[in-house]
Amino acid sequence: MTGDRNKLRIVSSVQDAWKLLAEEWPPGETTLRHKALTICALALRGKAGADVAREVLIVAAKKRAYSHRPCNANC
C-alpha cells in the first residue's frame, strides 16, 4: 500500500521496484531509498540478486510506513 490514498502497488520484478523507487516514491530523499535504488540498478545489470533488491525495498518501504504483504493467488 502506498501513499495517503492507500493505493495498492504490486511490485513483481526488479524493474518494477526500480521504477517505484525512482519515479513514484514520495518526495523526501532517504538513505534507504538511495540504497534500494542502487541495489535494484545492480540487480538489473546482474551484479546483485533480486532477493537482495526485494529485501532492501521492503526495509525502505517499512521505514516510509508503507505496508507490505506477500502476494498470493488473490492479488
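In this text the structure is predicted, and so the values were computed from the model without any measurement.
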If I take atom [atom1] from residue [X] and atom [atom2] from residue [Y], how far apart are they, to the nearest 0.5 angstrom?
X   : Y   : atom1 : atom2 : value
I39 : D51 : CD1   : CG    : 10.5 Å
K63 : T31 : NZ    : OG1   : 9.5 Å
H34 : L37 : NE2   : CG    : 7.5 Å
S13 : K19 : OG    : NZ    : 10.5 Å
L44 : W18 : CG    : CH2   : 8.5 Å

| remark: Which of L20, V14, D16 passes side-chain contact (heavy atoms from CB on, under 4.5 Å) with C40? It is V14
| What closest approach, in Å, do V11 and A17 show between heavy atoms, and which atom pair accounts for it? | CG1-N, 3.5 Å
| request: Quick one: closest heavy-atom pair of R33 and A60, and the distance? | output: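 R33 and A60 have their closest heavy atoms at N-CB, 4.3 Å.
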| message | As a quick check of understanding, evaluate side-chain contact (heavy atoms from CB on, under 4.5 Å) for L21 and L57, giving each step before the final call. | response | CA-CA 8 Å; L21 290 160; L57 174 63; 3.9 Å; yes
| query | Hey, is CD on Q15 packed in by over 12 heavy atoms from elsewhere, all under 6.0 Å? | reply |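 Counting neighbours around CD of Q15, 12 or fewer heavy atoms of other residues, nucleotides or ligands fall under 6.0 Å, so no.
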